[in-house]
Protein chains: 2
Amino acid sequence: MKGTNLGEFEELVMLAIGVLHPKAYGVSIKDELTERTGRQITLSAVHASLHRLAEKGFLESQFGESSNKRGGKRKKYFFITAFGAKTLEEAKLMREQLWKDVNKVAFQNN
Amino acid sequence: MKGTNLGEFEELVMLAIGVLHPKAYGVSIKDELTERTGRQITLSAVHASLHRLAEKGFLESQFGESSNKRGGKRKKYFFITAFGAKTLEEAKLMREQLWKDVNKVAFQNN
DNA sequence: TTATTTTATCTACAAAATAGAATTTTATTG
DNA sequence: CAATAAAATTCTATTTTGTAGATAAAATAA
């Protein structure tokens with residue numbers, strides 16, 4: 001990938017942010033994806049991905065106010081940029097088109 | 001990835017094989033994806049991906065007969081296994097569900 | 001003020017994506 | 001038949017993504 005494509009996990013992180021908007025931060029994203037994918041996702045995997053996505057211009061972030069919960073650093077909320085939304089939608093469209101053109105026989109041979 | 005997930009490019013290669021079935025081999029896959037993605041895809045990228053997908057059990061291959069064209073080694077045709085089809089469909093379903101639950105406002109902030 | 005909880009950041013390694021060179025096989029041409 | 005050209009796969013190396021675990025920081029509770 002040359003920086004303008006979304007990796008597999010990166011795309012899932014972006015979508016989770018869309019689902020959780022406007023309360024998407026490390027832990028909530030991790031929980032959302034753990035539930036949906038059934039994989040054991042670590043917080044650091046999510047954070048590494050968030051950092052890279054922000055660098056690529058797909059995300060912006062903003063620190064939240066301190067909560068009434070027990071502790072913790074301030075949450076860093078993530079938002080999808082216009083560029084990020086465009087990229088995400090293009091990936092979706094391309095796959096939809098491919099699926100539409102798939103020869104169904106290809107799935108019946110085993 | 002722990003071996004049971006499809007990478008971003010790997011998924012595109014699988015779908016291209018579905019589209020091209022039963023004539024999917026290195027060059028035809030490369031051409032199909034170059035056209036659809038607009039990226040400059042190299043043959044070696046496709047082959048590396050095919051090799052990994054076959055190792056993971058998502059693809060099978062079979063050498064074709066020699067053609068009447070000028071030259072070249074025999075084409076190695078690739079086919080999607082039942083396991084590959086299942087994996088591909090699961091990835092599709094998970095994304096569809098995420099998209100369904102996306103808060104549309106997340107795409108209107110920029 | 002010390003401990004506990006919640007969060008983010010850092011460091012390191014594994015796997016996938018990408019690029020380019022090398023090799024193999026086949027057919028054509030002289 | 002030897003030399004050349006074409007079509008394809010395979011090899012080698014590097015960068016980018018994915019994953020894990022340890023560490024650090026900030027906030028509240030005790």
Side-chain angles (χ1 to χ4, degrees), chain A residues 1-14 16 20 23-31 33-34 37-59 61-78 87 91, chain B residues 1-14 16 20 23-34 37-56 58-59 61-78 87 91:
Chain A
M1 270 160 248
K2 289 184 318 238
T4 49
N5 298 324
L6 288 170
E8 184 262 352
F9 188 66
E10 288 180 335
E11 188 171 354
L12 293 180
V13 168
M14 294 275 287
L20 295 166
K23 300 291 183 194
Y25 71 105
V27 173
S28 66
I29 295 166
K30 180 216 165 214
D31 291 345
L33 290 180
T34 297
T37 64
R39 303 190 215 169
Q40 287 201 319
I41 288 169
T42 63
L43 206 43
S44 51
V46 172
H47 276 119
S49 193
L50 287 169
H51 187 258
R52 286 171 195 151
L53 287 165
E55 259 188 347
K56 288 183 187 178
F58 297 141
L59 296 177
S61 64
Q62 188 180 314
F63 279 105
E65 295 306 307
S66 66
S67 73
N68 55 348
K69 285 253 210 76
R70 178 72 184 267
K73 293 173 89 160
R74 285 197 296 164
K75 294 175 178 63
K76 200 174 189 178
Y77 289 114
F78 285 85
T87 303
Chain B
M1 269 160 248
K2 290 185 317 239
T4 50
N5 299 324
L6 287 171
E8 184 262 351
F9 187 66
E10 289 180 334
E11 187 170 354
L12 293 180
V13 168
M14 294 273 288
L20 295 165
K23 299 291 184 195
Y25 72 106
V27 173
S28 66
I29 295 166
K30 180 215 164 213
D31 291 345
E32 185 73 26
L33 289 180
T34 297
T37 65
R39 305 190 214 168
Q40 287 200 319
I41 287 169
T42 62
L43 211 40
S44 50
V46 172
H47 276 117
S49 194
L50 287 170
H51 186 259
R52 271 183 250 128
L53 287 165
E55 259 189 347
K56 290 184 187 178
F58 297 140
L59 297 178
S61 64
Q62 189 179 312
F63 280 105
E65 295 307 306
S66 64
S67 73
N68 54 349
K69 286 257 208 73
R70 177 71 186 270
K73 293 173 89 161
R74 283 195 298 163
K75 294 175 179 62
K76 199 175 189 177
Y77 290 114
F78 285 85
T87 302

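Convention: sequence-line order gives letters A, B, ...; per-chain numbering from 1. Since the structure is predicted, the reported quantities are computational estimates derived from the model, not experimental observations.
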_Proximity to the side chain of Lys76(B) - top-ranked nucleotide from dT9(D), dT17(D), dA17(C)_ =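 Of dT9(D), dT17(D), dA17(C), dT9(D) is nearest to the side chain of Lys76(B).
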_Where Ser49(B) and Val13(B) come nearest, the two heavy atoms and their spacing_ = OG-CG2, 3.8 Å
Below 4.0 Å: OP1/OP2 of [N] and any side-chain N or O of [X]:
| X | N | answer |
| --- | --- | --- |
| Tyr25(A) | dT7(C) | yes |
| His47(A) | dA8(C) | yes |
| Lys75(B) | dT25(C) | no |
| Lys56(A) | dT17(D) | yes |

*asked:* Which residues pass the salt bridge (charged side-chain N to carboxylate O under 4.0 Å, His left out) test with Glu11(B), not counting sequence neighbours?
replied: Arg95(A), Arg95(B)
_Please enumerate all residues that pass salt bridge (charged side-chain N to carboxylate O under 4.0 Å, His left out) together with Arg52(A), with sequence neighbours excluded._
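By the salt bridge (charged side-chain N to carboxylate O under 4.0 Å, His left out) rule, Arg52(A) matches no residue at all.
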Roughly how many Å is it from [atom1] in [X] to [atom2] in [N], rounded to a whole number?
| X | N | atom1 | atom2 | value |
| --- | --- | --- | --- | --- |
| Gln62(B) | dA8(D) | CD | P | 17 Å |
| Lys30(B) | dG20(C) | NZ | C1' | 13 Å |
| Leu6(B) | dA16(C) | CG | C1' | 12 Å |
| Asn5(B) | dA14(C) | CG | C1' | 14 Å |
| Ile29(A) | dT7(C) | CD1 | P | 12 Å |
| Leu50(B) | dT10(D) | CG | P | 10 Å |
| Leu53(A) | dG18(D) | CG | P | 8 Å |
| Met14(B) | dA16(C) | CE | P | 13 Å |

*Pick base, sugar-phosphate or nothing for Ile41(B), based on heavy-atom distances below 4.0 Å to the nucleic acid.*
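Contact class for Ile41(B): none.
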*When we call it a touch if two heavy atoms are under 4.0 Å apart, what does Arg74(A) touch: a base, just sugar-phosphate, or nothing?*
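Sugar-phosphate: the residue Arg74(A), judged by heavy atoms under 4.0 Å, touches backbone atoms but no base.
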*Find which nucleotide of DNA chain C each of Ser49(B) and Leu43(B) is nearest to by heavy atoms, and output the residue with the more 5' nucleotide.*
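Checking each residue's closest nucleotide, the 5'-ward one belongs to Ser49(B).
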For [X], give me all partners under side chain to side chain contact (heavy atoms under 4.5 Å, CB included), at least two apart in sequence or on another chain.
| X | value |
| --- | --- |
| Lys30(B) | Thr34(B), Ile41(B), Leu43(B), Val46(B) |
| Thr87(B) | Leu6(B), Phe58(B), Phe83(B) |
| Ser28(A) | Leu20(A), Tyr25(A) |

*asked:* On DNA chain D, compare the nucleotides closest to Glu11(A) and Phe63(B); which residue's is nearer the 5' end?
replied: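 Its nearest nucleotide lies further toward 5', so the answer is Phe63(B).
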*Nearest-0.5 Å distance, CZ of residue Phe78(B) to CD1 of residue Ile29(B)*: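 Between Phe78(B) CZ and Ile29(B) CD1, I get 7.0 Å after rounding to 0.5 Å.
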Set out, line by line, the N/O atom pairs under 3.5 Å between protein and nucleotides 21-24 of chain D.
from	atom 1	to	atom 2	distance (Å)
dG21(D)	N7	Ser44(A)	OG	3.3
dG21(D)	O6	Ser44(A)	OG	3.0

*asked:* Within the structure provided, determine whether Arg39(B) and Asn5(A) are in side-chain contact (heavy-atom separation under 4.5 Å).
replied: yes
_For dG18(D), does the base pair up with any side-chain atom of Arg39(A) as donor and acceptor (N or O, under 3.5 Å, distance only)?_
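Answer no: no donor N or O sits under 3.5 Å from an acceptor.
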